[in-house]
Number of protein chains: 2
Amino acid sequence: MLVEPLPDAMQQVSVHFRFIGSPDMKTPSAIPNFAPIRTQRAFEVICEQIRAQLAAGTLKTGDKLPAERELAAEFQVSRSALREALRSLEVAGIIRNVKGVKGGSFIQSAEPDRIVQAMQDYVHLGNISLDELTEARLATQDIIVRLACERASDADLAELEAIAERTRQESDVEARYECAAAYYRVLARATKNRMFGIFVDSLSAILHEFVQGPDYETLQETLIESRFKLVRHLRARDADAAAAEMRKHLERVHRHVRKTLKAQNMPAKAAKARGKAPA
Amino acid sequence: MLVEPLPDAMQQVSVHFRFIGSPDMKTPSAIPNFAPIRTQRAFEVICEQIRAQLAAGTLKTGDKLPAERELAAEFQVSRSALREALRSLEVAGIIRNVKGVKGGSFIQSAEPDRIVQAMQDYVHLGNISLDELTEARLATQDIIVRLACERASDADLAELEAIAERTRQESDVEARYECAAAYYRVLARATKNRMFGIFVDSLSAILHEFVQGPDYETLQETLIESRFKLVRHLRARDADAAAAEMRKHLERVHRHVRKTLKAQNMPAKAAKARGKAPA
DNA sequence: CCTCCTTTAATGGTCGGACCATTATAATTT
DNA sequence: AAATTATAATGGTCCGACCATTAAAGGAGG
């Protein structure tokens, strides 16, 4: 059996899963039963069970969960409650829902997108300053460059150069940003450690929100040049030089961003609105 | 008005928000209308709008969204669809739902919990190896120690010592883990950069899953001693010594974890099942 | 006037049943 | 054999209802 139904205490209609007392008891104070109160919602229990099976390895990438109606019956909850659980897992990037016959909920492979999203939310809510982001980025990239310097394959280096070259040909601002992100991503991949890729992607996405005008133009050629230089240092396996180049590069970028923000009188902590209204 | 209703194309019953053609058209191929097809679910649109208001600053921490029934009316969707959106935002840590009169959905302040959860999911799904985690941890802690060495206040240092002292008095394994996590967290806080706290918390939570038996005992005193030493180095503002101590500390821990895993014949990539069955 | 209890209404959580749009497969037709 | 048409399974949405929780209003008693 894939799932276990919710415990008996949860079986009654609309019971809110408290694990103490009885729902109908009118004078619960009669018995000095001071167990810790814990209220838990149905969808949370469901998520926990599924996550547990994930951690245990009972469920793994590619597996298909039973259909909603069926799964709801197994858990002995309504379809709505189950759907809220599935929705949670979906936005967490754990499952993917596909419609139609042979549709269902499929366990996803790991994608860093959700972590990036979570970090983005965190920054929006927590007023993380540009300075903090910048510092974290400098520190992270320093490590990455040094590791990449040891481990980058020839293919990695060639790809980096190709991206830098492509950047030069792009004229669209957004396309150039994409190139930059790709450059950083490949560099992170060259460390052969996926954790660094996560950090980089997150910081890239967040810092992108700060980039404002097309005033970037003036800096563009310098930046591209710097990327080529970095590859040369990597190829020479000169970690210190590579790290220094990256540092110079990032400082240039951030000085520029900061100046732009100031020119627009924007505090360094507020990101601009990026919500696109539905057409 | 807080929200805008969904566009006209979405108003029909159960329409799945395609922005091309008409649902009732029987021969849509008659007109060569080749606009890109985009299907979007109601809850996604709602989430986007709310996230947009967050990024724009229209919504901020502490604000209260209208009641579900009311909000559903504003968006002109069913309560179920709205609830799935709210559920998504809740598991993303953006809102908090509270019941009862004066209840509702409140915009939360930033908590790193969700990022930690996201990273945990990522590791579970992606088979990130212990080696990768360890390396990332070593690198991250190196930076943190060096920054903390510059910036830690006397209060920070005192707190670190207090935690190390408390660890010695604890006998429960889980409590000691809590102490360790707290130690790392305070250390990260001493950098005065919240981004590092996120990294640390995530790695702590994930690595905790690898810790198995109570075989930790033998190492315990050495580890605590090491924490005291680290504080002394920090107090002396000796970054290199502090970083070296931290490195030694972590390597000890990870050697031990690795050995334990091997003894249990567990691959270094699979985390043990931690799902607690409901009582 | 103040305190304690009861009532009330607003709100999130859950339920169950319904219909629609999508999609892969089976059945049918050409 | 190929193309077309039903069929059934599945996720997405809607509706209306009831329950549990909770803060505030109202009332009883001092």
Side-chain angles (χ1 to χ4, degrees), chain A residues 6 9-29 37-46 64-73 75-90 95-106, chain B residues 6 9-29 37 39-47 64-73 75-90 95-106:
Chain A
L6 268 43
M10 299 182 178
Q11 303 286 349
Q12 292 123 21
V13 173
S14 194
V15 58
H16 283 78
F17 308 153
R18 65 149 90 86
F19 294 128
I20 172 180
S22 122
D24 304 325
M25 196 177 292
K26 268 332 216 178
T27 57
S29 54
I37 293 179
R38 187 176 114 221
T39 222
Q40 202 170 12
R41 293 167 292 182
F43 87 94
E44 290 176 314
V45 180
I46 298 173
K64 176 175 172 300
L65 297 180
E68 288 185 358
R69 292 162 177 85
E70 187 183 340
L71 202 49
F75 278 115
Q76 302 186 21
V77 297
S78 75
R79 205 182 145 203
S80 334
L82 177 82
R83 273 180 64 79
E84 290 192 20
L86 292 184
R87 189 62 67 226
S88 304
L89 295 175
E90 187 196 329
I95 64 176
R96 182 175 127 257
N97 293 43
V98 15
K99 284 207 294 196
V101 178
K102 293 295 174 186
S105 303
F106 297 86
Chain B
L6 269 42
M10 300 184 178
Q11 300 289 348
Q12 292 123 18
V13 173
S14 195
V15 59
H16 283 80
F17 306 154
R18 66 150 88 90
F19 295 129
I20 173 181
S22 122
D24 303 327
M25 194 178 295
K26 268 330 213 180
T27 57
S29 54
I37 294 179
T39 222
Q40 202 171 14
R41 294 168 291 182
F43 87 93
E44 289 177 315
V45 180
I46 297 174
C47 282
K64 175 178 173 300
L65 297 180
E68 287 185 359
R69 292 162 176 85
E70 186 183 339
L71 203 49
F75 277 114
Q76 301 184 22
V77 297
S78 75
R79 207 184 143 203
S80 333
L82 178 83
R83 273 179 66 78
E84 289 193 18
L86 292 183
R87 188 63 66 226
S88 304
L89 295 174
E90 189 196 327
I95 64 175
R96 184 176 123 255
N97 293 56
V98 17
K99 283 206 295 193
V101 181
K102 293 294 174 189
S105 303
F106 297 86

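Bear in mind that the values here come from a model prediction, so they are computed numbers and not experimental data. Proteins come first, then strands; the chains are lettered A, B, ... in the order of their sequence lines, and each starts at number 1.
- Taking only distance into account, the side chain of A:Arg69 never meets the base of C:dG17 through a donor-acceptor pair shorter than 3.5 Å.
- Base pairing in DNA chain C yields stems of at least 3 consecutive Watson-Crick or G-U pairs, both distances under 3.5 Å, namely C:1-30 with D:1-30.
- The two residues B:Leu86 and B:Ile95 make their nearest non-hydrogen contact at O-CD1, 3.5 Å.
- Considering only residues two or more places apart in sequence or on other chains, B:Arg69 meets the side-chain contact (heavy atoms from CB on, under 4.5 Å) condition with B:Arg79.
- Spacing between atom CD of B:Glu84 and atom C1' of C:dC15 amounts to 15 Å, rounded to whole angstrom units.
- Between the CZ atom of A:Arg41 and the C1' atom of D:dT21 there is a distance of 13 Å, rounded to whole Å.
- Side-chain nitrogen and oxygen atoms of A:Arg79 include none within less than 4.0 Å of the OP1 or OP2 phosphate oxygen of C:dC15.
- Between A:Glu84 and A:Ser88, the shortest heavy-atom distance links the atoms O-OG, 2.8 Å.
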Collect all protein-nucleotide pairs involving nucleotides 23-26 of chain C in which both atoms are nitrogen or oxygen and the distance is under 3.5 Å.
from	atom 1	to	atom 2	distance (Å)
C:dT23	O2	A:Val101	N	3.3

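- Distance, A:Gln76 CD to C:dG16 P: 11 Å, rounded to whole Å.
- Residues meeting the side-chain hydrogen bond (donor to acceptor under 3.5 Å, both in side chains) test with A:Glu44, sequence neighbours left out: A:Arg41.
- Under the side-chain contact (heavy atoms from CB on, under 4.5 Å) criterion, A:Ala81 pairs with A:Ala42, A:Val77, A:Ser78, not counting sequence neighbours.
- Across the protein-nucleic acid pair, B:Glu70 atom CD and C:dT11 atom P stand 7 Å apart, rounded to whole Å.
- Here B:Val101 pairs with nothing under the side-chain contact (heavy atoms from CB on, under 4.5 Å) rule; sequence neighbours left out.
- Residue A:Ser105 is the one, among A:Ser105 and A:Ser80, whose nearest nucleotide of DNA chain D lies closer to the 5' end (criterion: closest heavy atom).
- In this structure, CZ of B:Arg83 is placed 11 Å from P of C:dC15, rounded to the nearest angstrom.
- We find the OG-NZ distance between B:Ser105 and B:Lys64 to be 8.0 Å, quoted to the nearest 0.5 Å.
- Note: CD1 (B:Ile95) to C1' (C:dT11) measures 14 Å, nearest angstrom.
- Contact check for B:Glu68 versus B:Asn97: side-chain heavy atoms found under the 4.5 Å cut-off.
- Atom CG of A:Leu82 and atom C1' of C:dC15 are 13 Å apart (whole Å).
- Using a cutoff of 4.0 Å between basic side-chain nitrogens and carboxylate oxygens, A:Glu90 and A:Arg87 are scored as salt-bridged.
- OP1 and OP2 of D:dT10 both lie 4.0 Å or more from every side-chain N or O belonging to A:Asn97.
- Between B:Arg87 and C:dG12, a side-chain N or O to OP1/OP2 separation shorter than 4.0 Å is absent.
- Rounding to whole angstrom units, CZ of residue A:Phe43 and C1' of C:dC15 are separated by 17 Å.
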